[in-house]
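Just so we're on the same page: letters track the sequence lines, and every chain starts at 1.
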Amino acid sequence: MILVLLLMPILAGMVAFFIKSDKIRRGLLLTTAFLHLGLTTTFWSHRPGPLFDNWLSLDAPGLLFLSITSFLFGVAAVYGVGYLIREESTPGAHSDEGSFFPNTAESVFTGCLLIFLATMTLVPMSQHLGLLWVAIESTTLASAPLIYFHRHHQSLEATWKYLLICSVGIALALLGNFCIAVAASHNADQPTTSLLLSSLVTQAKHLEIPWLKAGFLCLLVGYGTKMGLAPLHTWLPDAHSESPSVVSALLSGALLNCAFLAILRAQQICLAAGLADFGRNLLIGFGLISMVCAAVFILEQADYKRMLAYSSVEHMGILSLGVGLGGGAVFGSMFHAINHSASKAMLFLVAGNLLTVFKSKSVNDVRGALRVVPVSAALWVVGLFAITGFPPFGTFLSEFIILKGALAEGRYGVAVIYLATLAVIFAGMSSIMLKMAQSNTAPVLGSAHGVQRESFWSIAPPAVLGMVVLLLGVHLPTAIDQVLHEAAMTVGGSS
Amino acid sequence: MSIWLLVHPTLAFLAAPLLPGIINRTKAYFAGRDGQPLLQTYFDLAKLFRKGAVYSRTTTWLFRAGPILSLGAALMAVVLMPLGELPTVWSFQGDFILLVYLLAVGRFFTVMAALDTGSSFEGMGASREMQFSMLAEPVLLVGLAALARGTGCLTLSDIAANISWQAWSQYGEGLILIVVALMAVFLVENARIPIDDPNTHLELTMIHEVMVLDHGGPDLAYILYGSALKLWTLSVLLVNIMIPIHTDLLLLNVVVSLLGVLCWAVVVGVIESTMARLALIRIPQFLVGAGALSVLALILIKK
Amino acid sequence: MHSRIDIIFTLIILANLLLLSSSRLGTCINVAAIQGLLLAVLTLATRTDEPLIQTSILILSTIVLKSIVFPQLLQRAIRDSETRREMRPYVGYAQSIVVGMVVLALSLWLGSKLPLPNPTISPLALPVALFTILVGLFLIVSRRKAVSQVLGYLVMENGIYVFGVTMVHESTLFVELGVLLDVFVGVFIMGIMIFHISREFDHLDVDRLSTLKD
Amino acid sequence: MLTLLFAIGLLVFSGIAALFAGRSPLISTVIGVSGALVSCVVGLVPAIRVLSLGTVESFRTVWQVPGGSFYVELDALSALFLIPILGVSAICVLYGGQYLQVYKNENKLGWAWLWVNLLIASMVLVVVARNAILFLVAWEIMSLSSYFLVTFQYYRKGVREAGWTYLIATQLGTAFLLVLFILLGESGGSLDFDHFMFTHGSWSGISANVLFVLAIIGFGTKAGFVPFHVWLPEAHPAAPSHVSAIMSGVMIKTGIYGLLRTLTFLGSPPEWWGWLLIGIGMTSGVLGVLYAIAQHDLKRLLAYHSVENIGIITLGIGIGVLGISIQSPQMIALGFAGGLLHVINHAFFKSLLFLGAGSIIHATGTAEVDRLGGLLKRMPWTGVTFLIGAVAISGLPPLNGFISEFLIYVGAFTGAIQKTTPLAPLIGVIASLALIGGLAAACFAKAFGISFLGEARSQHAANPHEVGWIMRSSMLLLAAGCLLIVIFSPRLIGMMSSPIAVITGLPTTSLLMELQPASDWLWTILQVVSIFLGLLGILATIRYLLLRRKQVELNVTWDCGYVQPSSGRMQYTASSFAQPITDLSRLFLGTSKTFIPPQGYFPEASSFHTDTPDWYRRHIYGYLFSGLCWLSSKLRWFQHGRVHLYILYIAVTLLLLLIWNLG
């Protein structure tokens, strides 16, 4: 089953490169996305067994992150089809300069999108550090063309930065893998030969500590670059702001999680080796720095897609913080991964709608969205409250649990910084986003266009995502609760 | 016993207009004039009651209600205030709060009536009245709190009954401070020199008088009578503290207290004759100073 | 045994220093290619205990990719964009060498902190690997041209390769090939990007790629 | 209990129904209003039952979110707060039904009804919730729905900014509450209120004092304690008037509720808690009313009065808490009873005043006091009801404001005559209550006098019309409420014993005994007051009889004999009326004056105007935020766009970590 899940998007992606008809290709995209989602759903009732000597296997964290990815991709595919239809009818006008530019061929875009899905499917099921590394590097490579969909120099710049920075990061992660391999080979009686997670965890007590530490640091910095932990996050705002919104949604909601999962794998080894505090303190440190850094850039941010990107940095910080705190907070962190992915993806999709109508990523150019695109603007406001952790959205619960963890551990300083940063970020985001939604209509748009028609393709996907965050905040189904707990236990949580 | 309840109200209702007369006679004596008759206020009232009235077109029913409310409040205040050991109709813990607030009601509606005319003069008077009374009220209440702490009682009757020569010997310094503070309140509330000059004829310098410029006839009579009653009430409060006579003969006590009230009127006349009026901007200072005295009194009285 | 391998290590270090000091892009690319060859030799020298087929496949693909394909790709890129020299690097060449020495010292220090997994490995292996990685990073940081940055990335990969090939003996072929493939695709896509950059901007100076900022 | 849950459900349902009926403003209004009215009436039944019987009704079921359980309980304290929440809100909603019709063309009324009904529902839930998650969810829905109501006219810049200020302030407050509830939850191992175990002093290094301060800040932000009050004067004027009435009269009381509820978790209070509460009460009360006097916008003025009244309530609570710590049952009973009664009283007269202000805006289009004047003649209903509210809020007899202030006074006096009591806070209470009373009277003399009396000062006020009968009757209902509270105050005071028992844990019977004398005093006051009213009737009759045969003329106001009758512009203005007081307190207010004096022999134009912005908003919050923005702008070079330096960050991070962890 796992193999089917993995191969299906690869094949579909390959095929997509060669399909001429737009309609069929889009159909293929949707079909693959939904088959993928359907298949993933069946895993919830029946977890598939391991494959290839345990190289591929789906444990609780894997299932969790796979499901997030699959769900987001399904939603994004629907939006993406609408997006492609729109892009076809209006060739890209440059948002800032008014010049025209070509788009990447739709077949390449769709193909890369599907391969991107395949690579992101591989990440959560890899139980071998080397394979995990290969998978994560492939996500970078598959997504680079997606970012360069609009072929103008800014997206080119963003892609270049993304590629270079992430490649360097991933290279360091490779070094980290080697370090861990060295650490494992030290065991005189019974040298561990492979980088299989399961064997590393069972043999953890025999790992050479300095090498393990070095390896963990390299992995943390390497994958942290990909995940967007400050100060390694520098590619993130550029890539998110320049790529098409549907890609931004996937990058933010799914890809960052993949890198996070990779760090969790490293933390699993650390925990087993009795280095829990070492790893935790680092994660807390990176988490707090990321949150503060995001706060700095969110305040008075002039570009709303960049603002969302920085918000992703913030939430990655929260995830890392939660895992770092240990105890109950790990559960919160796992839960937060779902909530963040859904609400951030929602916001990026809505941002795409706003960008289409207002033709600008600048906050100041988007005026009176509530009057021009009422539904999108309402979703935008909903998204604001969802991402900033208002009840009854799920983010409230997860952020609450993480705070609870911090206080329960007696880390009052962490709790204070956490709350203060959240408050500043809320102030920053709300001031920007509410102004966009509520301000008076710009004279040009207001008089000429009035209320714009909003298509089903562009409204339904973010609405669905919003509903999911809302429902999770009101009712957490037992099945999800169990998987979250199981996942939390795997990476050092309690109960 | 119940007949005693009505003694003080009856006396007050009848004798209150006498007090302005005494004050004015004293002032006239000091100024070397003959002065008006002692009963001048009675004559004024009688004349005003016989007159008609002129109302401004700007005004509403509120203008007409003002005098009624201020007189009503003053009447109730008199009833609540005991004279020496004479019992009052109503006595309950905290009755002095009601008394203070009744006076405030009267003032509030006088101010309303003043503003109802739309006249700048009366607006000015209203503004000043509110400013000074806002400062006077805390002085009065803290002063009463000091009395309550000294006597350990929370009703006016008990306070009056418990202030004795013995009390003076125990915490006389506190009582002196209270008397001084309450005297300040007395002068402010009754628009006496050095705060306000009831005899001035320039609108811009008036406080209380300017608010009632547009009232005439029975309305003005109500106002005059009301202020006489207020003068009486506060005089009685002061006399209760200053002349704490508690002999076995109730009648004697009452007579002494009454004489005390009349003497107090003479004292006020003397004060008015010998002091200059304060500049308007000095008045808050004066009142805040009085407030400080009453707080000091409250602290000094350790019981 | 040690002495033979140490010669290779010395050559790698020299190659690194050459990379730091040369302004000619063409030369740099050639040096990187030679470094790739050195890696192949190193593989041959260290992986004596593994099946020959596995080792030879690895060596072969290393030579093909690191000494032939990548250099060719980069040579084409500089030919197309007519970029011959790194004119004004952020850090001058003399300083670069100084930095190189400092980095070398740092690598030696770091190497001393980590115990070697087994005594058969030359004590130089770890410092050389770290030095190469850090030189690669330094090249990326200090050079202005996109090509230099890709080159830096390659050198860094070489360093990691040195690390892997000397320290980690038992890693499976599958993973190593995956790694190579990923590096290949990565460099390939970077090459495409360089092509796009030179077409879009008429130059390869990355410092002008800084319009996206806050 | 189920009745109450049904009411909540109905509120939510009717709100959503009103939203979906949004195409027709009328239908949506009818659905929204009737839903709210029915559920408020339904909800009042269990509230009154519990309050009069002193029973406890609870309902508990599983709620599948981490740490959450659907645990609600209706005890006397909750029931007491439900009275204003349901009663006053219902009347305000009724008013809003007519008030909002003006906006039906420029705005979607469906949303307004959804948010109003959600606001009421969430307030109900806040006071009955017994689980921290449930409480916080309700609390935040309350904040959110009120935020959306404040920004009802979001297309106005000022409104938007006001809404944002409110949102940020309320969120900052909630941050403290999160910590508070988590610490409480950690102490007892569960987030259900009945597990909170802080009564035993401290838990792993956190003393009850910390929690108390957290509660003061967190709940104080909602209630409007100085200096956390900054959102009130912004949000209340921005909101539609019936919403201001609900927010100011009812919603901010949830902050008081939360504080009282927290007190029940924290065990016996040390003496300084009482001192702190009294200190807060004094500063909020006095500064609130001082700021109010300096305002010229009627709704802003009223908003500051809410700060003042919250201060009075806090004074009462402070006396009660002090009473607990020095074991003076009289102070406990009188302080809490006065405070709680003032909660209800303030709900009635403050919402009445806001509705009155709404009617003025409705009729004249402005709430600037200096542009009004003479409204009493054209709008008699609004005028009379506003006057009733003004007298009540100034704490003057015979209205309800006096009753509660009287109780607090007596509480303070009772303490002051005891030997063992700390005297200073009680002097503070007495002096500040008296000062507040005087200032409030001055302020409402200004507010009512300048806007309703005299002549119209501008065209706005020249031709107002009386508002419709629904709006009128809602104001009348509230005014009647103010009177009824006075009439029933001797009975009501007895009902306070069960909520006080909840707060203090003392037996109801002994509290009832302590309150019995108070009830007798109130009876006497009622007698005095009724005699007083009768006396007024007699005096009025006498005057009528005296004037019956006499000549009664109408003429112009006395203006020193000028021939031209003075126009409205000659009158005293709000600025000039308040000037002596603002001058006196300029140290606290920072009032700025714009004075163009008359010049020359024939001066042409001169003017005087005062402006009093909120010092705390500008100097504390303003500097904080601009400081943050400055800091962030300084740190932005970090993201400079040069990729090679980004790589350097990575390298340096890795090296530093390696050196740090391996070295």
Side-chain angles (χ1 to χ4, degrees), chain B residues 49 51-58 60 62 68-69 71-73 75-76 80 90 92-94 97-98 101-102 104-105 108 111-112 115-120 123-124 126-128 130-131 133-135 137-138 141-142 145 148-149 152 154 203 213-214 217-219 222 284 291 295 298-299 303, chain D residues 376-377 391 394-397 402 406 409-410 413-414 416-417 419 423 427 430-431 434-435 437-439 441-442 445 448-450 453-455 517 520-521 524-525 527-528 531-532 535-536 539-540 543 546-547 550-560 566 570-572 576-577 580-581 584:
Chain B
F49 275 125
K51 287 213 168 206
V54 182
Y55 294 111
S56 160
R57 284 190 201 91
T58 309
T60 60
L62 204 50
I68 297 176
L69 271 151
L71 177 57
L75 287 169
M76 295 310 293
L80 281 170
W90 299 288
F92 56 93
Q93 301 218 337
I97 303 168
L98 182 61
Y101 272 76
L102 273 173
V105 172
F108 184 76
V111 165
M112 283 297 168
L115 287 171
D116 202 11
T117 61
S119 151
S120 296
M124 188 181 66
S127 162
R128 290 175 182 168
M130 278 328 234
Q131 184 200 1
S133 63
M134 137 216 145
L135 290 169
E137 233 168 68
L141 277 166
V142 175
R149 190 171 166 82
L154 284 179
E203 288 91 338
L213 271 183
D214 269 84
D219 292 322
Y222 277 12
V295 169
L298 187 50
I299 295 167
K303 240 182 109 184
Chain D
L376 186 59
K377 285 196 279 285
V391 172
S394 308
L396 296 174
F402 174 74
F406 173 80
Y409 264 125
V410 181
F413 275 106
T414 320
I417 61 172
K419 273 183 198 159
L423 194 56
I427 298 178
I430 295 167
L435 191 63
L439 283 166
F448 184 83
I450 307 287
L453 303 178
E455 297 281 355
D520 296 341
W521 309 331
T524 321
I525 290 180
Q527 289 172 28
V528 176
I531 301 276
F532 174 57
L535 194 61
L536 296 183
L539 289 173
R543 196 192 58 182
L546 283 173
L547 286 178
K550 310 279 166 46
Q551 189 185 9
V552 176
E553 282 177 47
L554 286 181
N555 211 320
V556 293
T557 302
W558 165 247
D559 47 8
C560 288
S566 66
M570 289 276 287
Q571 298 170 95
Y572 232 50
S576 4
F577 189 91
I581 296 175
L584 204 59

Ranking D:Gly438, D:Ala416, D:Gly395, D:Ala434 by heavy-atom pairs under 4.5 Å to chain B gives rank one to D:Ala434
Side chain, backbone, both or neither: which part of D:Phe577 has an atom under 4.5 Å from a heavy atom of chain B?
-> both
Option that, when pairs with chain B are counted at under 4.5 Å, heavy atom only, ranks first among D:Ile531, D:Leu539, D:Leu535, D:Leu547 | D:Leu539
Highest number of heavy-atom pairs under 4.5 Å with chain B: which of D:Ala540, D:Ser576, D:Gly454?
-> D:Gly454
Relative to chain D, which of B:Leu102, B:Leu80, B:Ile299, B:Val295 shows the most heavy atom pairs under 4.5 Å?
-> B:Leu102
Between chain B and each of D:Leu439, D:Leu423, D:Ile430, count heavy-atom pairs under 4.5 Å; write down the option with the most.
-> D:Leu423
So, the side chain of D:Thr557 versus the backbone of B:Thr117: is there a donor-acceptor pair under 3.5 Å, distance only?
-> yes
Do you know which of D:Val391, D:Ile427, D:Val410 has the most heavy-atom pairs with chain B at a distance under 4.5 angstrom?
-> D:Ile427
Between the main-chain N or O of D:Trp521 and the side-chain N or O of B:Gln93, is there a donor-acceptor pair closer than 3.5 Å?
-> no
Chain D shares the most heavy-atom pairs under 4.5 Å, among B:Ser120, B:Gly94, B:Ala104, with B:Ser120
With a 4.5 angstrom heavy-atom cut-off, which part of B:Phe108 approaches chain D: side chain, backbone, both or neither?
-> side chain
Looking at side-chain heavy atoms only, is the closest gap between D:Pro580 and B:Arg128 below 4.5 Å?
-> no
Closest heavy-atom pair and its distance - D:Tyr572, D:Ile450 | O-CD1, 3.7 Å
Does B:Leu98 reach the side chain of D:Phe402, with side-chain heavy atoms less than 4.5 Å apart?
-> yes
Return the option, out of B:Arg57, B:Met130, B:Lys51, B:Glu137, with the maximum number of heavy-atom pairs under 4.5 Å with chain D.
-> B:Arg57
Please determine, among D:Asp520, D:Leu435, D:Thr414, the option with the most heavy-atom pairs under 4.5 Å with chain B.
-> D:Leu435
Going from CG on D:Leu376 to CG on D:Leu453, what distance comes out if it is rounded to the nearest 0.5 angstrom?
-> 6.0 Å
The interface call for B:Val111 against chain D, heavy-atom contacts under 4.5 Å, is side chain
Find the one option among B:Leu71, B:Leu141, B:Leu213 whose heavy-atom pairs under 4.5 Å with chain D are most numerous.
-> B:Leu141
Taking B:Asp116 for the side chain and B:Thr60 for the main chain, is one N or O donor matched with an acceptor at less than 3.5 Å?
-> yes
Report yes if some heavy atom in the side chain of D:Ile525 is under 4.5 Å from a heavy atom in the side chain of B:Phe92; otherwise report no.
-> yes
Residue B:Leu62 versus chain D: region with a heavy atom under 4.5 Å | side chain
Side chain D:Ser394, main chain D:Leu396, donor-acceptor under 3.5 Å | no
